[in-house]
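Here is the structure we will look at.
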Amino acid sequence: MSGKPRLHYFNGRGRMEPIRWLLAAAGVEFEESYLEKKEDLTKLQKDGSLLFQQVPMVEIDGMKLVQTRAIANYIATKYNLYGKDVKERALIDMYVEGMFDLNELLMKHGYLPPQEKEQHFANMMDKAENRYFPVFEKVLKDHGKDFLVGNQLSRADVQLLEIILMAEEWKPDILAKFPLLQSFKARISNIPTIKKFLQPGSQRKPLIREEDVAKVISIFY
Amino acid sequence: MSAKPKLYYFAGRGKMESIRWLLAAAGVEFEEEFLETRDQYEKLLQGGSLLFQQVPMVEIDGMRMVQTRAILSYIAAKYNLYGKDLKERALIDMYVGGTDDLMGFILMFPFLSAEDKEKQRAFIVQKATSRYFPVYEKVLKDHGQDFLVGNNFSWADVHLLEAILMVEEKKPDVLSGFPQLQAFKARISSIPTIKKFLEPGSQRKPVPDEKYVETVRRVLRMYYDIKAN
C-alpha cells in the first residue's frame, strides 16, 4: 500500500465523489483504481478487499475502509474538518446527512429509466429548493459567518459546495433565491485546494453521460 | 427542555428504533412524544423543530437533533460507545454501516404489498446470511473477544444485536450457521441494560403492523407505493 490513499470505484461520481472532494479540500493527494467491468468488482470481492462486497473502498493508513460514511468520517477527523467538539460534530453531522440525502437524489437521476426521470427531476429540484438550501441559507444568515459551523472550514462546507454545483448542473439558476449561498459558493470555491479541484484536469468527475449508464449498471448487476 | 432526551416519532420502530436501543443500552432514560395526527406533525413543522421537515427528532442537551446517523453518533460518543480512538471509530462506523444497510431492507417491509413482502423476506434472509452475518461471524472468530471492536462494548454491538433480532423475526433459525453470532446474541442480551430493554414493558417497540403503516402514511401524507428491493 503506497503512502497515498487509493480509491476503488468506477470512473464516475456516484458515492465516491464526496470522498474525492474531502480529500482534495484537505490537500491530500490520492490515487484511484477504476472498475471498468464486472470482473474488476468480482476480483476485489474474491480477494477479501471489500468487507460487504461493495465499493466505495478506500485504502488508507493500512486499512481497507468501506461504507461511505465511515470513510468520510475518518478522513474528516484525520484532516481536522470535523469541528472542534461534540456539539460542532453534531451540527456538522446533521447538515452533512441532509446533504447526503440530497446527493442520493441527484446521483440517482442519471440511472433512472426515461419514464421515471421527469417526476424524479421535479422532486429533486423541489427538495433542493424547498427543503435543503433554505436550511443552509438560514444557518449562514443567523450567524453571519463565512463557514457553516464553528467559524472554520469543515466537511459541511465542502459538501455543501459540492451539492450546490451538482444542483446547478440541473438548474443553473437554482441559487436565485439564496444570496448567502451565492456568496458562500464564491468564497468556498476560492479556497486554494478547492479552487485547484475545480480546475480542468483534477480528479473531480463529470456528471454521468447517458451513454455510460449501461456500462456502470453492468459492473454492479 | 427536560433533562431527559425526548424522542419525537411514531409509536413504532422505523428509524427511531436504533436510537431507542442505543439510549437503553447506555442506561439513559428517555421520554417519547408519539406522532398520531397530521396536526401534530404540522405543529412541529411550523414551530421550526424539524431541520429538514423530517422525523426522527430528538431533543437532547439543548439541541433539537435530526438525522438518525447524527443522533446515533452523538449518543455513542457521549456515552462512550464509540471506541477509544480514530481507528476503532472507523471499524465501528463500518460495522454499523453494514447493519444499517441490512436493517434498511427491513424498514420498508411493512409498507410492501403482500406479494412483495414474500420476495423481500427472501431478499432480507439472503443478504443477511450471505453478505452481513458472515462478516460479523468472522470478526468475532478472528479476535475471539466478546465485543466487535476494541474488546469493549460499543454501538456496533448494540446495532448488531438489534439487526439479528429483526432478521430472526423474519426467519427464526437464521443464525443456525453462525455459532459465534449465537453466542454473541446470548452474551449481549444479558448485559443488564439490554436485558431490561428486552423485557416486556420497556420502550422497545413491537414488529410494525397495519396500524403503524396507516399512522405513518396519514401523518406524512405518504401515500405512494413503496417498492421492494
Side-chain angles (χ1 to χ4, degrees), chain A residues 15 45 48 50-54 56-58 60-80 82-83 85-102 116 119 123 126-128 130-136 138-139 142 156 221, chain B residues 15 45 48 50-54 56-58 60-80 82-83 85-102 104 127-128 130-136 138-139 142 149 156 224 227 229:
Chain A
R15 294 206 170 104
Q45 289 168 332
L50 308 177
L51 190 67
F52 301 112
Q53 298 152 31
Q54 298 163 315
M57 187 270 277
V58 174
I60 185 169
D61 298 340
M63 298 178 289
K64 288 186 162 110
L65 286 185
V66 297
Q67 288 288 329
T68 313
R69 287 178 175 96
I71 299 165
N73 289 356
Y74 184 82
I75 293 167
T77 307
K78 181 174 177 177
Y79 296 105
N80 266 312
Y82 217 161
D85 57 34
V86 263
K87 289 236 167 155
E88 286 191 1
R89 267 201 39 206
L91 283 175
I92 290 169
D93 276 344
M94 282 197 280
Y95 299 160
V96 155
E97 285 292 314
M99 295 174 208
F100 185 88
D101 286 348
L102 181 54
E116 289 181 36
Q119 197 188 10
N123 180 43
D126 172 58
K127 290 287 184 295
N130 296 314
R131 173 169 287 183
Y132 296 105
F133 290 166
V135 168
F136 304 118
K138 183 176 191 296
V139 167
D142 286 352
Y221 295 99
Chain B
K15 287 194 165 145
L45 284 177
L50 307 178
L51 190 67
F52 300 114
Q53 300 148 20
Q54 298 163 315
M57 188 271 278
V58 175
I60 184 169
D61 298 339
M63 298 179 287
R64 290 195 162 97
M65 286 198 75
V66 297
Q67 291 290 341
T68 313
R69 288 297 284 260
I71 298 165
L72 287 167
S73 295
Y74 182 79
I75 294 167
K78 181 174 178 173
Y79 295 105
N80 266 311
Y82 215 163
D85 58 30
L86 187 54
K87 288 219 168 173
E88 285 191 1
R89 265 195 41 206
L91 284 175
I92 291 169
D93 279 341
M94 279 199 285
Y95 297 160
V96 159
T99 39
D100 198 37
D101 285 347
L102 178 55
K127 281 284 184 276
S130 65
R131 174 168 287 186
Y132 296 103
F133 288 169
V135 169
Y136 304 105
K138 184 178 191 298
V139 166
D142 284 353
V149 178
Y224 51 83
K227 290 185 233 173
N229 280 101

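Chain A is the first sequence line, chain B the second, and so forth, proteins listed ahead of strands; every chain is numbered from 1. Note: hydrogens, waters and symmetry copies are ignored here, and every other heavy atom, side chains too, is used.
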Check each atom of [X] against the heavy atoms of chain A and say whether the ones under 4.5 Å are side chain, backbone, both or neither.
X        : answer
B:Arg89  : side chain
B:Ala90  : both
B:Val135 : side chain

Is [X] in contact with chain B via its backbone, its side chain, both, or neither, using a 4.5 Å heavy-atom distance?
X        : result
A:Asn130 : backbone
A:Val86  : both
A:Phe100 : neither
A:Arg89  : side chain

(message) I'd like to know if the side chain of A:Gln45 reaches the main chain of A:Gln53, judged simply by a donor and an acceptor atom lying under 3.5 Å from each other, with no hydrogens or angles considered.
(response)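 Between the backbone of A:Gln53 and the side chain of A:Gln45 there is a qualifying donor-acceptor contact (under 3.5 Å).
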
(request) Spell out, as yes or no, whether a donor-acceptor pair under 3.5 Å connects the side chain of A:Lys64 to the backbone of A:Gly48. (result)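 Pair absent, no side-chain N/O of A:Lys64 close to backbone of A:Gly48.
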
(request) Go through the structure and list residues passing side chain to side chain contact (heavy atoms under 4.5 Å, CB included) with A:Asn123, not counting sequence neighbours. (result)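 Per chain and number, A:Asn123 pairs via side chain to side chain contact (heavy atoms under 4.5 Å, CB included) with A:Leu105, A:Lys127.
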
(message) B:Tyr136: which residues meet the side chain to side chain contact (heavy atoms under 4.5 Å, CB included) condition with it, sequence neighbours left out?
(response)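 If we apply the side chain to side chain contact (heavy atoms under 4.5 Å, CB included) test to B:Tyr136, skipping adjacent residues, the hits are A:Phe52, B:Tyr95, B:Thr99, B:Tyr132, B:Leu148, B:Leu160, B:Leu181.
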
(request) Kindly indicate whether the side chain of A:Tyr74, heavy atoms from C-beta on, has any atom under 4.5 Å from the side chain of A:Met63. (result)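 Heavy-atom side-chain distance check passes, below 4.5 Å.
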
(message) How long is the straight-line distance from CE of B:Met94 back to CD of A:Gln67, given to the nearest 0.5 Å?
(response)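 Taking CD in A:Gln67 and CE in B:Met94, the distance rounds to 9.0 Å.
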
